[in-house]
Amino acid sequence: MQGKNLNVSAIPALGDNYIWLLTAGGKNCAVVDPGDADPVLEVLKRQGLKLRYILLTHHHPDHIAGVPALLEQYSATVFGPADERIPFVHQVCKEGDQIQLTELNATFNILEIPAHTRSHIAFYGENALFSGDTLFSLGCGRLFEGTAADMQTAMDKLAALPAATNNYCAHEYTQSNCAFALEVEPDNMALQARAREVDLSRLAGKITLPTSLGDELATNPFLRTRENSIVKAARKLDPEASAGISVMAVIREWKDRF
Ligand code: ZN
Ligand code: FE
């Protein structure tokens with residue numbers, strides 16, 4: 001998949017992580033959330049690529065553990081959030097910042113989306129969103145360091161991006177997320193269609209990402225906490241639940257138990 005000139009491809013790692021590889025036709029490249037260096041080094045060597053940039057969305061080991069070994073072999077610039085748990089960031093990224101990946105002719109805007117972790121960020125640009133563990137296809141990240149209100153704010157921020165934006169999240173969780181989404185909203189026809197597509201992809205061993213934000217808005221329950229169907233489903237568990245934050249709280253907890 002691609003933005004303007006940017007090619008994005010997946011390097012599978014650690015079971016169900018994806019490390020996104022960004023190239024622009026030349027030998028320079030970037031990776032997003034390298035939780036393991038080995039599969040990255042293998043791809044770089046096979047394709048004769050030179051690692052110039054590393055983008056980090058949050059501090060969890062499955063997103064950053066490969067960085068030191070990559071920096072031993074390449075002098076790449078590391079972009080990431082302000083967080084003492086990520087000691088090797090060269091350029092700290094804050095809300096509203098714009099970062100230039102000059103060698104790839106690409107620009108990304110930084111969005112702060114604390115919820116899964118308190119310093120989680122996303123990179124948006126070139127028709128692509130790198131959302132880490134915040135916006136999965138048909139799901140969202142667990143609330144380890146934030147609240148349901150934080151996640152609602154994060155979802156609203158991402159939902160405001162153009163519908164054609166490709167969302168590149170960091171895990172292949174789509175099929176299990178889909179089972180939960182169908183439990184919440186069984187009559188959603190767009191979701192039913194997506195479920196068939198996801199099952200076929202997984203059967204064929206294919207990746208289910210990226211998806212467009214527009215498709216996620218039509219199918220992802222965590223982007224739909226103000227839709228009547230989702231509010232109704234949440235009220236079966238908590239009759240007091242109201243559209244938005246409290247529905248988010250109910251369905252996030254429901255998903256944790258699912
Ligand atoms: Zn995480
Ligand atoms: Fe993760």
Side-chain angles (χ1 to χ4, degrees), residues 8-22 30-40 43 54-70 78-89 92-93 95 108 110-124 128-155 157-158 166-181 198 202 207-211 216 220 222-223 248 251-253 255-258:
V8 183
S9 57
I11 302 174
L14 303 169
D16 59 26
N17 279 73
Y18 290 125
I19 299 166
W20 297 107
L21 173 70
L22 282 51
V31 291
V32 183
D33 285 354
D36 188 2
D38 293 343
V40 176
V43 169
I54 299 173
L55 278 54
L56 304 175
T57 63
H58 68 293
H59 76 283
H60 284 155
D62 63 310
H63 299 254
I64 69 169
V67 174
L70 292 172
V78 182
F79 298 88
D83 192 318
E84 69 285 354
R85 297 169 295 187
I86 317 178
F88 32 64
V89 168
V92 170
C93 299
E95 175 76 26
F108 289 98
I110 307 304
L111 303 169
E112 290 181 357
I113 45 171
H116 176 67
T117 68
R118 62 174 159 77
S119 64
H120 199 302
I121 60 172
F123 299 86
Y124 167 68
L129 172 69
F130 296 96
S131 59
D133 283 359
T134 298
L135 180 60
F136 294 124
S137 181
L138 302 176
C140 76
R142 279 175 188 267
L143 294 173
F144 287 123
E145 299 176 7
T147 63
D150 293 330
M151 187 57 84
Q152 184 63 57
T153 301
M155 293 295 109
K157 197 183 263 194
L158 301 181
N166 286 313
N167 178 44
Y168 297 91
C169 55
H171 289 275
E172 181 61 68
Y173 288 162
T174 315
Q175 197 168 35
S176 58
N177 286 344
C178 194
F180 175 73
V198 168
R202 294 314 289 158
I207 182 169
T208 61
L209 307 173
T211 52
E216 291 300 319
N220 186 328
F222 297 94
L223 286 169
M248 175 67 77
I251 65 171
R252 185 56 263 183
E253 270 174 43
K255 174 74 164 52
D256 289 345
R257 285 181 274 108
F258 186 71

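Counting starts at 1 for both ligands and their atoms, following the listed order. FYI, side chains are in, hydrogens and waters are out, and symmetry mates aren't considered; it's all heavy atoms of this structure.
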A.B. asks: Which heavy atom in I64 sits nearest to a heavy atom in P68, and how many Å separate them?
C.D. replies: O-CD, 4.0 Å

A.B. asks: In terms of side-chain heavy atoms, does D150 have a donor or acceptor partner in T153 at a distance below 3.5 Å?
C.D. replies: no

A.B. asks: Provide the atom name of the closest N, O or S atom of D62 relative to the Fe ion (ligand 2).
C.D. replies: OD2

A.B. asks: With carbon and hydrogen excluded and only N/O/S kept, which atom of D133 is nearest the Fe ion (ligand 2)?
C.D. replies: OD2

A.B. asks: Would H116 count as a contact for the Zn ion (ligand 1), in the sense that one of its N, O or S atoms lies under 2.8 Å from it?
C.D. replies: yes

A.B. asks: Among the N/O/S atoms of H60, which is closest to the Zn ion (ligand 1)? Give the atom name.
C.D. replies: ND1

A.B. asks: Looking only at N, O or S atoms, find the one in D133 nearest to the Zn ion (ligand 1) and name it.
C.D. replies: OD2

A.B. asks: Hey, is the main chain of A170 close enough, under 3.5 Å, to the side chain of D33 for a donor-acceptor pair?
C.D. replies: no

A.B. asks: Among the N/O/S atoms of H171, select the one at the shortest distance from the Fe ion (ligand 2) and name it.
C.D. replies: NE2

A.B. asks: Without swapping roles, check the side chain of N177 against the backbone of S137 for a donor-acceptor pair under 3.5 Å.
C.D. replies: yes

A.B. asks: Closer than 2.8 Å to the Fe ion (ligand 2), do we get an N, O or S atom from H60, backbone or side chain?
C.D. replies: no

A.B. asks: Does the pair H120 and T134 meet the rule for a side-chain hydrogen bond (donor to acceptor under 3.5 Å, both in side chains), with working shown?
C.D. replies: CA-CA 8 Å; H120 199 302; T134 298; 3.2 Å; yes

A.B. asks: Output the atom name for the N/O/S atom of H58 with the smallest distance to the Zn ion (ligand 1).
C.D. replies: NE2

A.B. asks: Apply the test side-chain contact (heavy atoms from CB on, under 4.5 Å) to residues E145 and H58: give CA-CA distance (whole Å), side-chain angles for both, the deciding distance (0.1 Å), then the verdict.
C.D. replies: CA-CA 12 Å; E145 299 176 7; H58 68 293; over 6 Å; no

